Structures are given as structure tokens and as C-alpha cells.
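Read the structure below first, then the notes.
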Amino acid sequence: MGPMNLGTASVRRIAAGETELVLDAARGSRPRILHWGTVLSETRDDELLLLSSRPWAHGGPDVAIPASFSNELGAGLAGPTGLLAHRDGRHWATCLTVESVEQDAPHRVRVVCSDPRAAVRVIYNLDIDTDSQVLSATSTLENTGDDDLAVDWCAALCLPLDSRLRTLRSFTGRWAGEFQPQDVPIFRGSFVRENRRGRTSHDSFPALIARADNTAEQSGPAAAFQLAWSGNHRLRVDGHNDGRTFVQMGELLLPGEMLLAPGERYTTPALIAAHSDAGLSHVSQRFHAHALRHAGGGRLHRKPRPVHYNTWEAVYFDHGEARLLELVDQAAAIGAERFVLDDGWFGSRRDETRGLGDWWVASERYPNGLDPIAQRLREHGMEFGLWFEPEMVNPDSDLFRAHPDWVLGVDALVQVPSRHQYVLDLTRPEVVDHLYERIAAIVEQYDVDYIKWDMNRDLHHPASDGHAAVHGQTRAVYGLMARLRERFPELEMESCASGGGRADFGVLRHADRVWLSDNNDAGDRQQIQRGASYVLPLAITGTHVGPRECHITRRVYSMAYRSATAIFGHMGLELDLSEETDADLDTLRRAIALHKRHRELIHGGRHVRLDTPDYLVAFGVVAQGAQSALFSCAKVAGHATTLPTELRLAGLEPQRHYRLRLIWPDDYAPITAPSLVETADLLGNGSVFSGEALMRHGIPLPLMHPDSCLVFHLAGTDTTSA
Ligand code: DGJ
């Protein structure tokens, strides 16, 4: 018997660059994914169909049940479904078949499915970004029936996972300790992360990375997934006992939160997925490209990211015109380009307990308003940034006294106190209008260039009028940001939530920067920034030079180390400059100048993490085209050997030659000499090495003190001799 003759008209391919998604979407059948990954350019549709067939197995149903986009319960699949909806307890066993397929571009497709018995339609939008090659998937569930449809769970897509990818990395953390990777083997059963904090959260960042046993930073297969959403979420990876594994991500809906009236629709947040056959750094690069393209509505490339000065750790709530003017002058003198006036400039805000919500300038602190500060900033050619926490209110505030009913809360439950503040109910249009008017008035009055948008508590009782409201609240926050952006197209925004509690790709459609962590401890930051780099590009990751003695960990670091750590990101300063020695201020000035010299590369290059022993944190940024690069190597702990390991660089052209120099610390003092620093004149003219030698052989590192960092510069050259 020859092979079965399979009709291939139902096969759809969407592709961009090296990435392809192949679907089988025959009208009247359940749609399924045949392939997602590197383009299969030599493979015919009928081959793929044949190779995607599954045999019958003992102990199961009489026919093999294919997976589909939502693995609905009505199909008879035993594993966790991607869709849970019902009408008062009935019509829950949905089984979706294809109604139509629309493909208006080679990189995207819209698959419309329906189940007439359950009276639902689901529209899947699948799009491979032509730039970053990441797949974006959403599903839109429509109630086509005559009565209400309760939606309990709707994943954006059930994405089959390549069976080689056996280890899962998720990201957990806490305030001042964000983006901590944790690895688990993928097993039969379910890995589930549920976030019910009403914001993206510190402890469950909505991203997962899967890799094979032999995958490293620059080699091997890997796939990365994230949910572009700042509210509650559920991430799950289900290993079915038939050997298949699926990734699902979606919004975690609270009881009764999503009730669709006849004709109404619910669209999931987007699942963003990247794959690579060339290692973890490569999947991160794809996420980075996607974020850079879409962050802040795609405006990030318009101008270099200005170096910040942020007032928080310099003054906390101790505001006053004279002091702030002094800080403006100091910040300008050292090279800052944007001055961000943090918490404490408004209402009766003197500490955490009062004034939040009263968005007018505190007159006894600033009797002349903020004009003198704004004017001084303009004189220095600096931008003006202002802190807001729009979604919150202190009970001790004029706003709360006037509108005690404007907060989220459920039934008669007493609110859980958290940083002495309640959450405003942004699902009420009058609340959003009020916030919009207050913020817009201040932005307009002082010609504010930048808003640091903070959000400092979880939502414990997130209900409006008794109904769960995290979905509505999250959409309303996005809506308010979009409305401000529309009114002030040049206004930039930073997303902060007690540091990195809201740094997801959903808020990044509106924000231009994230405040990664309140922890400015350079050693901790090396780790936090490395964790964040799996997802976030350096151009939008806020990195600040903190005080000599870190306020959170009480560790003391050199200015050279603090600066080296902050150079690689959207750089800023957050310290009382008058507490630093002249020598340290000078070091800082030189570090800022170095950052400015190289920021086009730092913010536009390809980010490569290096595989190193745990006592090092090392990575590079390589210019597109690999003609130049910077590499950072921090020593974060001691080592058992007398000398550290060699550093194998990555991302270079093996045949190209590069002039290697050590550019930081610029006053480098050896512990023992000579090392390569002296023998190759790395502080002077440098020496020329092939990309191959630097990547395959590696650089013998000099002895380094713990808590120090070396920055190497590589410039492509036609010279091949040292
Ligand atoms: C938390 C933020 O993460 C800090 O940077 C600072 O803005 C404070 N809030 C102000 O209250």
C-alpha cells in the first residue's frame, strides 16, 4: 500500500525571515498546528501532514485525537483545556471547527472557528512579526448565543512544545530582587504559575523559556513565551501522558469576571513566542527586537535614551525648592540629561501615609510651584520628569475624603492595608476622567517630558460594584496611558511598580522604560539585570548608579563598579551627589561620558549573554553587522582556583579581526602584572585578535577583586597583525 493521499488545500503557512508557522485548517475540521519553528523550505505540505499523523495507542480512545488551537473539552482530549466557558453550567463541552481562514499577508492569518451547539465563535489571530520573527497569538471569543456566556479560562493559544525542550525556566522574585530565574525539568503533569496580585507582580513574571539538555547561550534549541498583560495571569505547561506537551498562557479570570452578553466578545492578551536553534541569547534577541519595535507605541528610536537623574534615594520625601535646584545643577554638571522629580512633590505627601491622589503641587514645599525647577532644567537643556502613582489613593487625602466610594473593594470586607493606600476603581469613567484631567493639567503647565508611572500595591479585593474587576482595571490603565499619549505625543512614560512589578510586554505598548528594581546594589543588580535580559532589551531597562552604601543592602561598592553596572541599560543616577567624594564624582562623570559615547551600540546592538561559572556575570552587545562590540564581565563572588577562567566572547564574526581594548575601569590598577592587560596593551592601543580566537579560545582574565567589573571594547579592523 502506498502512502495515504492527503488533501493539502487546508495547509496554511505563515512566515517571516527564518520563522514559520504551519497550520492545518480545513473547513469543518478542528484546526491544528503542524509546525512552529525554523522555516521548512524543502518540505511539502503533504509530507508535513503525513509526518504529523499519530498512531492509535492502547488504553486510550479508539481514534487518536489531534490537538487543536484551544484543546477544547468537547474534542475528548484528556489534558487541560485552553477554553472553559459555559451557560449557567451547560454547553461547556465546546468543540471548535474551522469556518474560514483569511490570510491578507504572508506573515499573518486569521482563523475563524465556531461551535454552533455551544453558540460560540473563536477568532484566532496569528502573526509573525516581520522584524523580530516572534509569533503573536490572540483569540477572540464571541458569544453567538441568546443568553450570557460565562468565561472561566481562555488561553491565547495552546502551543505544542518541541519534545526536545525538556527544561523550563520561569522567573520569580520579590521587591528589590526581581527576575530570578528558576529551572525545572518538564515532566508529565502540569507546571502552573498563577498570579492573582492584580498587577504583573514581582513573583511571577509572565514568561517561560524552554530548552534542551544541550542548549547553551549560543547553541541549541530553545523557545520562549510570554503573555503581554499587566493583570492576573496563568501560565501553564502540560505534559500529557501521550507524550505531547503544550504551553498555554492567558488572563486568570476571577469568578464571574468575564460574562459575555449575546454578541459580546472577549479578546485574550497576546501570547508572544520566539524560537531558535541557536541558543538562549538568540531567543532573547528576538524578544528584544519585538520590544524595541513596539515599546512606547514604537517611538523608542526617535532619540537617544537620555541619562536620568532621579531624586528618590537622594531626598525621599524631603522636598524643597532650594534643595532640588541644587540637585538639578549637580545632575546637569555631571552629565544627566533628564531630571525626574520622584514621590513627594504634591498635596500633603510628606511620607507614605498621606496625600496620594492629590495631584497638585505642594505649595509649602514649592511656594513658586515647579516653575523654578522647570526653568532651571530648561536652562541646562534637560528634560523634566515627574512621578505619579495614578491608580492609588491614601485614605488620608483630599481625594479620598471627597470620594470614599472611588476605591476597589468587595462586599463588606475590610481592605487589606498595603503601603497605607487603596486602589482607585478605574473601571468607573469618572475616576479615569478625573485622573486624566489632573495629570494632563500638570503635564501641560510644566511642559513635562516624562512620567514615572508607579504602582505600589497588589489588588487584594479587586471588585467594582461587587464584581471582579482586574480585567477592567488593567484595560483602563492602558486606556489612560493611551489617552495621555494621544494628547501629548512626545510624552514618555516609565512603568514602575515598586521596581519591576509591572515590566511586561502589555504595559510596554504604552511605556518607554521600566524601572527594573528599587535595589541599586550593583552586585544584586548584575544578577537582576541578567535575569531581565532574557526578556527585556537594555534600551528600556532602567539602571541607576546608587549611593556608595546601598540603602537596601547596606553593601558598599566602588564608584567604578556601580557605574559599570549602570552603563548597560537606560542609564541613570539615583544618589545624593553631595555625599560622594570628588574622585568618585569624577569617575561617575567619565562613566556617563563613556555611556553616551557607546549608547547607540548599547541600545541598538545584539545582546549576548556568555556562559560562565557562577562567580562571573558576563555579556556583550554586538553591533548589527558585528563590526564593533562591548563586553562586560563582573566578578560577583570569589573562586576556588588561583586564577579566573578565560572569557569566551560570542556574537562576533570568526573571520573578522578586532582591536581589543579594556575601557573600564579607565584607571584600572592590576592586582598582579603582567596579565593580558599589559602584554596586549589593552589600556593603550590594544591588540588585534580574530573573532575566532576571542570566541573559541577566549580571553585569559586578569585577577579581579570581587565586586569589580571589566568592560572591553572591540573594534573591527582590516589589520590582521597584533
Ligand atoms: C517605589 C518606586 O519603585 C521607587 O523608585 C520610588 O518611586 C517610590 N515608589 C516612591 O514612593
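These numbers come from a predicted model, not from an experiment. Numbering of residues begins at 1 and proceeds along the displayed sequence. Both ligands and their constituent atoms are indexed starting at 1 by order of listing.
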Could you tell me if the ring centre of [X] sits under 6.0 Å from that of [Y]?
| X | Y | answer |
| --- | --- | --- |
| Phe568 | Phe619 | yes |
| Phe171 | Tyr534 | yes |
| Trp345 | Phe317 | no |

**Request:** Verify the distance criterion only: is there a donor paired with an acceptor across the side chains of Gln182 and Thr172 at less than 3.5 Å?
**Result:**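 Distance-only check fails for Gln182 and Thr172.
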
**Request:** State, yes or no, whether a side-chain contact exists between Trp387 and Trp312 at a heavy-atom distance under 4.5 Å.
**Result:**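 They are not in contact (no side-chain heavy atoms under 4.5 Å apart), so the answer is no.
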
Extract all N/O-N/O pairs under 3.5 Å that connect ligand 1 to the protein, and present each with both atom names and the distance rounded to 0.1 Å.
{"unit_1": "ligand 1", "atom_1": "3 (O)", "unit_2": "Gly499", "atom_2": "N", "d": "3.0"}
{"unit_1": "ligand 1", "atom_1": "3 (O)", "unit_2": "Asp518", "atom_2": "OD1", "d": "2.4"}
{"unit_1": "ligand 1", "atom_1": "3 (O)", "unit_2": "Asp518", "atom_2": "OD2", "d": "3.0"}
{"unit_1": "ligand 1", "atom_1": "5 (O)", "unit_2": "Lys452", "atom_2": "NZ", "d": "2.7"}
{"unit_1": "ligand 1", "atom_1": "5 (O)", "unit_2": "Trp515", "atom_2": "NE1", "d": "3.4"}
{"unit_1": "ligand 1", "atom_1": "5 (O)", "unit_2": "Asp518", "atom_2": "OD1", "d": "3.3"}
{"unit_1": "ligand 1", "atom_1": "7 (O)", "unit_2": "Asp342", "atom_2": "OD1", "d": "2.7"}
{"unit_1": "ligand 1", "atom_1": "7 (O)", "unit_2": "Asp342", "atom_2": "OD2", "d": "3.3"}
{"unit_1": "ligand 1", "atom_1": "7 (O)", "unit_2": "Trp387", "atom_2": "NE1", "d": "3.1"}
{"unit_1": "ligand 1", "atom_1": "7 (O)", "unit_2": "Lys452", "atom_2": "NZ", "d": "3.0"}
{"unit_1": "ligand 1", "atom_1": "7 (O)", "unit_2": "Asp454", "atom_2": "OD2", "d": "3.2"}
{"unit_1": "ligand 1", "atom_1": "9 (N)", "unit_2": "Asp454", "atom_2": "OD2", "d": "2.7"}
{"unit_1": "ligand 1", "atom_1": "9 (N)", "unit_2": "Asn456", "atom_2": "ND2", "d": "3.4"}
{"unit_1": "ligand 1", "atom_1": "11 (O)", "unit_2": "Asp343", "atom_2": "OD2", "d": "2.6"}
{"unit_1": "ligand 1", "atom_1": "11 (O)", "unit_2": "Arg419", "atom_2": "NH1", "d": "2.9"}
{"unit_1": "ligand 1", "atom_1": "11 (O)", "unit_2": "Arg419", "atom_2": "NH2", "d": "3.0"}

**Request:** Give the C-alpha distance, both sets of side-chain angles, the deciding distance and a yes or no for salt bridge (Lys or Arg N to Asp or Glu O under 4.0 Å) between Asp342 and Lys452.
**Result:** CA-CA 8 Å; Asp342 210 281; Lys452 178 176 175 185; 2.7 Å; yes

